[in-house]
Amino acid sequence: MWQELIVTLIVIAALLQACRKWLPAALRQRMVYALSKKGFDQDRLAKLFKVQSDCGSGCGSCGSCDTTPAPIDTSNDGGATRRVIMLNVQR
């Protein structure tokens, strides 16, 4: 009886480690979302599966909506304030 319980716990731990390491991030996010709908804590699951918690819900927890963009320097003092790097995409 105890041996079966210990083996089951070891197999679950190994499965969790494999999911954390080798599953794509999009699939891990879907798993976190599905488990959070079942009543589990989304923040803990996101930390466990090494993904960020859902930022699309408008909760404001990630802080991405709170930051304001940096002002653009429009003064023409002769010196370049920004450097533009051109990328050539080859397909």
Side-chain angles (χ1 to χ4, degrees):
M1 170 70 183
W2 287 103
Q3 290 177 346
E4 293 172 359
L5 182 64
I6 292 172
V7 169
T8 303
L9 291 175
I10 291 172
V11 169
I12 290 173
L15 180 65
L16 179 65
Q17 179 64 25
C19 288
R20 289 176 69 189
K21 188 170 184 173
W22 288 308
L23 282 180
L27 186 57
R28 287 183 282 153
Q29 286 176 341
R30 276 194 247 150
M31 288 172 58
V32 167
Y33 180 72
L35 289 172
S36 68
K37 287 289 187 182
K38 299 287 183 185
F40 293 100
D41 186 22
Q42 186 176 13
D43 292 331
R44 286 187 181 176
L45 287 173
K47 188 181 287 187
L48 185 68
F49 283 101
K50 294 184 179 179
V51 294
Q52 294 179 355
S53 60
D54 185 25
C55 188
S57 63
C59 63
S61 65
C62 66
S64 64
C65 300
D66 299 337
T67 60
T68 57
I72 299 173
D73 186 15
T74 57
S75 65
N76 195 358
D77 58 355
T81 58
R82 295 188 299 187
R83 185 173 158 193
V84 178
I85 300 173
M86 299 298 291
L87 300 176
N88 296 325
V89 179
Q90 297 176 354
R91 294 181 191 214

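Residues Leu16 and Phe49 are in side-chain contact: their nearest non-hydrogen atoms beyond the backbone lie under 4.5 Å apart. Looking at heavy atoms from C-beta onward, Tyr33 lies in side-chain contact with Lys37 at the 4.5 angstrom threshold.
How far CD1 of Ile6 is from CE of Met1: 10.5 Å, rounded to the nearest 0.5 Å.
Of all non-hydrogen atoms in Gln42 and Ser36, the two that sit nearest each other are CB-CB, 3.8 Å. For Val32 against Leu45, the heavy-atom pair with the smallest separation is CG2-O, 3.8 Å. Smallest separation of non-hydrogen atoms from Arg20 and Leu48: NE-O, 2.8 Å. Listed here is the closest heavy atom pair of Leu23 and Met31: CD1-SD, 3.7 Å.
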